[in-house]
2 protein chains.
Amino acid sequence: MKIGELAQQSGLTPSRIRFYERIGLLKTVERRPNGYRTYPQQAVMILGLITTAQRAGFTLDEIRTLLPSDLTHWDHAALMEALARKIADIEALQARLAQSRAHLLRLIEDIQERPDDMDCAANAHRVLTNMLADQSEALDVTSGDIRLLDTKDRRQSVSPGHRKKTASR
Amino acid sequence: MKIGELAQQSGLTPSRIRFYERIGLLKTVERRPNGYRTYPQQAVMILGLITTAQRAGFTLDEIRTLLPSDLTHWDHAALMEALARKIADIEALQARLAQSRAHLLRLIEDIQERPDDMDCAANAHRVLTNMLADQSEALDVTSGDIRLLDTKDRRQSVSPGHRKKTASR
DNA sequence: CTTGACCTTGAAGTTAGCTTCAAGGTTAGG
DNA sequence: CCTAACCTTGAAGCTAACTTCAAGGTCAAG
């Protein structure tokens with residue numbers, strides 16, 4: 001199958017597929033005499049696997065080191081270890097998020113609990129001082145990093161990029 | 001106070017402080033006749049506020065629109081709205097994280113529950129198929145974005161960058 | 001009057017994960 | 001044969017939040 005068809009079937013853009021090839025993530029590709037890329041059916045599954053892993057919080061780098069060239073020959077040990085580590089990362093992040101959320105809730109309360117005899121300016125100072133004091137206490141929660149965000153419109157739904165009438169710009 | 005002292009007191013690097021000025025985030029700065037920047041004591045608090053807000057998940061852009069030039073004159077309504085929105089963002093992300101975590105746990109179980117009569121290759125295929133099926137079901141959890149990650153070593157603890165003996169490179 | 005720590009500037013580099021662009025080759029249909 | 005839709009490449013651009021670099025000015029101590 002050519003790259004356009006693979007793009008359709010996987011829901012990714014051709015540029016993204018070429019990018020994955022360039023960084024050594026997608027290796028199941030050959031060339032026709034005319035230079036066109038050609039992919040086996042399996043490539044659809046590999047791309048699905050990649051995007052699923054991404055959504056679970058794996059970086060492309062991590063995915064590359066885990067993905068075997070043959071989908072039936074995984075490094076079982078490395079895979080399980082990576083999964084466990086990723087879960088731990090997520091849990092660390094969850095802890096951080098819970099902290100941030102609690103922090104913000106406390107802040108809202110603190111702002112609203114202005115003593116009747118205090119003007120806004122003084123209240124602002126009171127809240128600020130509290131907040132900066134809070135902060136200096138919590139300097140220990142270092143967590144492993146994970147990128148699980150920016151989850152907006154990564155997927156092309158109706159395959160845009162057809163250079164026909166789309167003509168935006 | 002000069003920029004080096006502010007850097008010490010705030011725990012940020014001078015370059016970062018200059019950067020904040022450049023993007024219009026830190027405005028309380030004047031110049032001495034020799035061109036050196038000079039800051040009021042208040043600048044320490046402003047920088048503390050900025051990093052605290054960052055750790056709560058606010059982007060510098062958001063912080064800039066919320067930060068008043070005078071720390072005692074906040075846009076109360078905008079601030080409360082932003083705090084509420086940020087909490088909602090965090091909660092959306094928490095939901096996503098819980099999903100990802102559950103997904104990974106299910107995956108681990110699924111891998112380990114290989115039927116005795118199945119070889120690794122066939123098991124790999126079974127697990128893969130399950131996973132990609134799972135994924136197509138959950139296509140609705142679109143969340144607002146938030147950047148709350150990469151929380152490793154943003155702070156200079158012992159003020160590196162003194163061009164004395166540090167001499168790395 | 002020299003040394004070294006500090007300060008200045010603008011420009012470019014970093015990371016991740018792509019997209020976009022420019023300039024061109026290929027192919028199927030009419 | 002022409003056109004439109006596809007394909008190719010390498011290079012550059014994008015975002016966020018900084019850092020690093022190069023080239024130079026300032027200042028206090030010895």
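Labels below follow one simple rule: chain letters A, B, ... track the order of the sequence lines, proteins then strands, and each chain is numbered from 1. Computed from a predicted model, the values in this text were never measured in an experiment.
- Residues passing the side-chain contact (heavy atoms from CB on, under 4.5 Å) test with Asp117(A) are Pro115(A), sequence neighbours excluded.
- Residues from residues 28-46 of chain B with heavy atoms under 4.0 angstrom of DNA chain C, sorted by number: Arg31(B), Gly35(B), Tyr36(B), Arg37(B).
- For the pair Thr13(B) and dC18(D), the criterion of a side-chain N or O lying under 4.0 Å from OP1 or OP2 is not met.
- Atom P of nucleotide dC14(D) and atom CZ of Phe19(A) are separated by 17 Å, given to the nearest angstrom.
- In this structure, CD of Glu21(B) is placed 18 Å from P of dA17(D), rounded to the nearest angstrom.
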Ignoring hydrogens and angles, write down the donor-acceptor pairs under 3.5 Å from the side chains of residues 67-81 of chain B, residues two or more places apart or on other chains.
from     : atom 1 : to       : atom 2 : distance (Å)
Asp70(B) : OD1    : Thr72(B) : N      : 2.9
Asp70(B) : OD1    : Thr72(B) : OG1    : 2.9
Asp70(B) : OD2    : Thr72(B) : OG1    : 3.1
Trp74(B) : NE1    : Leu71(B) : O      : 2.5
Asp75(B) : OD1    : Ala77(B) : N      : 3.4
Asp75(B) : OD1    : Ala78(B) : N      : 3.2

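- Ala122(A) pairs by the side-chain contact (heavy atoms from CB on, under 4.5 Å) definition with Met118(A), Asp119(A), not counting sequence neighbours.
- What separates CZ of Phe58(B) from P of dA17(D) is a distance of 13 Å, to the nearest Å.
- Minimum atom distance to the side chain of Leu60(A) is reached by dG17(C), of the listed dT8(C), dT19(D), dG17(C).
- Sorted pairs that involve residues 5-14 of chain A and meet salt bridge (charged side-chain N to carboxylate O under 4.0 Å, His left out), not counting sequence neighbours, are lacking altogether.
- Summary of helix geometry: the two end axes of the helix from dC1(C)-dG30(D) to dG30(C)-dC1(D), each defined by five base pairs via their C1' atoms, are inclined to each other by 30° (rounded to 10°).
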Pair up each side-chain donor or acceptor in residues 21-31 of chain A with any protein partner under 3.5 Å, not counting sequence neighbours, and list the distances.
from     : atom 1 : to       : atom 2 : distance (Å)
Glu21(A) : OE1    : Arg37(A) : NE     : 2.7
Arg31(A) : NH1    : Gly35(A) : O      : 2.8

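- In this view, Met131(A) and His103(A), Leu107(A), Leu128(A), Leu49(B), Thr52(B) satisfy the side-chain contact (heavy atoms from CB on, under 4.5 Å) rule, not counting sequence neighbours.
- Summarising the geometry, the separation between CD1 on Ile3(A) and C1' on dG25(C) is reported as 16 Å, rounded to the nearest angstrom.
- Residue Gln54(A) has a polar side-chain atom (N or O) positioned under 4.0 Å from OP1 or OP2 of dC18(C).
- Across the protein-nucleic acid pair, Arg22(B) atom CZ and dT19(D) atom C1' stand 10 Å apart, rounded to whole Å.
- Rounded to whole Å, the distance from CZ on Arg55(A) to C1' on dG17(C) is 17 Å.
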side-chain contact (heavy atoms from CB on, under 4.5 Å) evaluation trace for Arg126(A) with Thr129(A): CA-CA 5 Å; Arg126(A) 178 182 64 83; Thr129(A) 309; 5.9 Å; no
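- Contact annotation: Ser15(A) does not reach the phosphate of dT20(C) (side-chain N/O to OP1 or OP2, under 4.0 Å).
- Residue whose closest nucleotide on DNA chain D sits further toward the 5' end, between Asp61(B) and Arg18(A): Arg18(A).
- Tyr36(A) and Val44(A) fall into different hydrophobic clusters, where Ile, Leu, Val, Met, Phe, Trp and Tyr are joined by side-chain heavy atoms under 4.5 Å apart, directly or via other members.
- At the heavy-atom level, Ile23(A) lies nowhere under 4.0 Å from the strands shown.
- Summarising the geometry, the separation between OH on Tyr20(B) and C1' on dA16(D) is reported as 11 Å, rounded to the nearest angstrom.
- A search for side chain to side chain donor-acceptor pair (under 3.5 Å) contacts involving Arg114(B) returns nothing, not counting sequence neighbours.
- If you measure from atom CD1 of Ile50(B) to atom C1' of dA17(D), you get 12 Å, rounded to the nearest angstrom.
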